[in-house]
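The chains referred to below are lettered A, B, ... by the order of the sequence lines, with proteins before strands, and numbering in each begins at 1. Predicted model, so just to flag it, every value in this text is computed and none were measured.
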There are 2 protein chains.
Amino acid sequence: MADEFKQITNFDRLIHEPSRLAIMAVLSACENADFTFLLNATGLSKGNLSSHLSKLRDAGYVNITKGFKGNYPHTTCALTRGGRRAFDAYRKQYLALARRLKK
Amino acid sequence: MADEFKQITNFDRLIHEPSRLAIMAVLSACENADFTFLLNATGLSKGNLSSHLSKLRDAGYVNITKGFKGNYPHTTCALTRGGRRAFDAYRKQYLALARRLKK
DNA sequence: CAGATATGGTTTGTACTGTCAACTAGTTTA
DNA sequence: TAAACTAGTTGACAGTACAAACCATATCTG
């Protein structure tokens with residue numbers, strides 16, 4: 001039958017979590033994005049976004065750069081090479097299951 | 001831009017969890033399955049499978065029937081109507097994101 | 001100038017969840 | 001009768017997500 005179902009349990013949970021999946025999806029599309037932009041794009045609360053970003057940074061998936069824009073602090077995020085690789089791998093698994101579910 | 005990314009955070013987490021997603025995917029394909037079959041199909045441990053099944057039953061997504069097959073206890077599981085509906089809804093969201101990720 | 005409000009976040013607390021190891025309960029084998 | 005197997009369930013523990021509170025600074029408002 002299908003190892004495909006077994007594969008599901010191997011999804012990268014760090015990415016699979018909906019909040020982080022949204023973040024990763026946005027970042028993979030936008031190349032780099034600031035905190036406020038992610039806030040709007042994902043609909044997450046600030047606290048949530050902050051902690052998920054920290055987790056993704058700790059995993060080495062995103063790079064967080066803090067600086068200033070005018071007088072306000074300003075945080076920009078981008079996928080690292082590793083993050084992009086991890087997301088590509090996830091995407092592959094995701095799409096494999098999608099093909100299964102389509103039928 | 002895209003509400004699609006916001007939609008991600010609305011995934012039904014009960015189904016989205018990889019272990020349960022595997023279970024639901026199998027059940028949606030097989031119409032009804034016994035414990036051992038699910039064990040093999042998903043690769044989960046018995047304890048894990050048991051507790052996830054309980055959760056899905058508590059949510060009203062699967063129906064669990066206990067009986068005997070010969071002398072051994074025997075548990076069969078099937079999606080309820082509600083479970084099938086929920087899974088269909090999830091599938092729709094899943095595939096919508098898949099289309100996004102394909103590009 | 002004092003106070004209120006906005007920006008851009010971080011930290012904390014709580015409640016939930018997933019997972020594995022250990023256990024129950026009965027059956028077969030030798 | 002003792003060991004090993006089938007078919008599960010339960011308990012304990014670690015990890016997580018989320019909201020609410022908090023912080024620092026900057027800019028308006030009267």
Side-chain angles (χ1 to χ4, degrees), chain A residues 5-27 32-59 61-78, chain B residues 5-27 32-78 90:
Chain A
F5 292 128
K6 268 183 210 174
Q7 286 304 317
I8 299 177
T9 61
N10 287 333
F11 271 142
D12 181 340
R13 281 155 196 283
L14 209 69
I15 297 181
H16 190 63
E17 206 299 311
S19 310
R20 285 188 298 259
L21 179 49
I23 296 171
M24 294 291 284
V26 172
L27 287 181
N32 99 337
D34 61 26
F35 193 90
T36 311
F37 179 81
L38 284 173
L39 217 51
N40 291 327
T42 63
L44 294 169
S45 72
K46 292 190 289 177
N48 240 327
L49 178 55
S50 175
S51 63
H52 284 305
L53 280 177
S54 301
K55 235 158 257 183
L56 290 172
R57 182 204 43 206
D58 293 351
Y61 285 180
V62 314
N63 221 308
I64 300 184
T65 321
K66 285 161 192 298
F68 281 85
K69 189 182 194 173
N71 291 316
Y72 287 112
H74 188 247
T75 303
T76 0
C77 315
Chain B
F5 292 127
K6 266 182 213 175
Q7 286 303 317
I8 299 176
T9 61
N10 287 333
F11 272 142
D12 181 341
R13 280 155 197 284
L14 208 70
I15 298 181
H16 190 63
E17 206 298 313
S19 309
R20 285 189 298 259
L21 180 49
I23 296 172
M24 295 292 283
V26 172
L27 287 180
N32 99 336
D34 60 25
F35 194 89
T36 311
F37 179 81
L38 283 173
L39 216 49
N40 292 326
T42 63
L44 293 169
S45 72
K46 292 190 289 179
N48 241 327
L49 177 55
S50 175
S51 64
H52 284 305
L53 280 177
S54 300
K55 237 158 255 183
L56 290 171
R57 182 203 44 205
D58 293 350
Y61 285 180
V62 314
N63 221 307
I64 300 184
T65 322
K66 284 161 194 298
F68 281 85
K69 190 183 196 172
N71 291 317
Y72 288 114
H74 188 246
T75 304
T76 1
C77 314
Y90 177 84

Check: Partners of H52(A) by ring-ring contact (aromatic ring centres under 6.0 Å, His included), sequence neighbours excluded?
Finding: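 Here no residue qualifies.
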Item checked: Results of ring-ring contact (aromatic ring centres under 6.0 Å, His included) for F11(B) - residues two or more places apart only ->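 Once residues adjacent in sequence are excluded, the partners of F11(B) under the ring-ring contact (aromatic ring centres under 6.0 Å, His included) criterion are H16(B), Y90(B).
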Notebook entry, point to check: Atom CZ in F37(A), atom CG in L27(A): separation rounded to 0.5 Å?
Noted result: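 Answer rounded to 0.5 Å: 9.0 Å.
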Note to self: Distance check, rounded to the nearest 0.5 Å: S45(A) atom OG versus L39(A) atom CG?
What the structure shows: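 Result: 8.0 Å between the selected atoms.
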Between [X] and [Y], what is the shortest heavy-atom contact and its length?
{"X": "A22(A)", "Y": "T9(B)", "value": "CB-CG2, 4.2 Å"}
{"X": "L14(A)", "Y": "R20(A)", "value": "O-NE, 2.5 Å"}
{"X": "H74(B)", "Y": "D34(B)", "value": "NE2-OD2, 3.1 Å"}
{"X": "A41(A)", "Y": "K6(B)", "value": "O-CG, 3.5 Å"}

Send over the distance from [X] [atom1] to [N] [atom2], rounded to a whole Å.
{"X": "H16(B)", "N": "dT16(D)", "atom1": "NE2", "atom2": "C1'", "value": "14 Å"}
{"X": "F11(B)", "N": "dA17(D)", "atom1": "CZ", "atom2": "C1'", "value": "17 Å"}
{"X": "I8(B)", "N": "dA17(D)", "atom1": "CD1", "atom2": "C1'", "value": "17 Å"}
{"X": "N40(A)", "N": "dG8(C)", "atom1": "CG", "atom2": "C1'", "value": "13 Å"}
{"X": "L53(B)", "N": "dG8(D)", "atom1": "CG", "atom2": "P", "value": "10 Å"}

Next item on the list: Applying side chain to side chain contact (heavy atoms under 4.5 Å, CB included), run through I23(A) and L44(A) and close with a yes or a no.
Entry: CA-CA 9 Å; I23(A) 296 171; L44(A) 294 169; 4.1 Å; yes
Next item on the list: For D34(B) and for Y72(A), locate the closest nucleotide of DNA chain D by heavy-atom distance; then report the residue assigned to the nucleotide nearer the 5' terminus.
Entry: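 The answer here is D34(B).
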Item checked: Under-4.0 Å side-chain N/O to phosphate OP1/OP2 contact, T36(B) with dA7(D) ->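 Yes, such a contact exists.
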Check: Would you say N71(A) reaches dT27(D)'s phosphate, i.e. side-chain N/O to OP1/OP2 under 4.0 Å?
Finding: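 Looking at the OP1 and OP2 atoms of dT27(D), one of them is under 4.0 Å from a side-chain N or O of N71(A).
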Listed pairs under 3.5 Å, donor-acceptor, residues 57-73 of chain B side chains, sequence neighbours left out:
from   : atom 1 : to     : atom 2 : distance (Å)
Y61(B) : OH     : D12(B) : OD2    : 2.8

Notebook entry, point to check: Should L38(B) and F35(B) count as side-chain neighbours, where that means a heavy-atom distance under 4.5 Å?
Noted result: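 No, every pair of side-chain atoms sits at 4.5 Å or beyond.
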Filtered N/O pairs between nucleotides 1-3 of chain D and protein, under 3.5 Å:
none

Notebook entry, point to check: Where along nucleotides 12-24 of chain C does protein come under 4.0 Å, by heavy atom, of base (B) or sugar-phosphate alone (S), with - for untouched nucleotides?
Noted result: -----SSBSB---
Item checked: Contact residues, residues 61-70 of chain B to DNA chain C [heavy atom, < 4.0 Å] ->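 Hits under 4.0 Å, by residue number: none.
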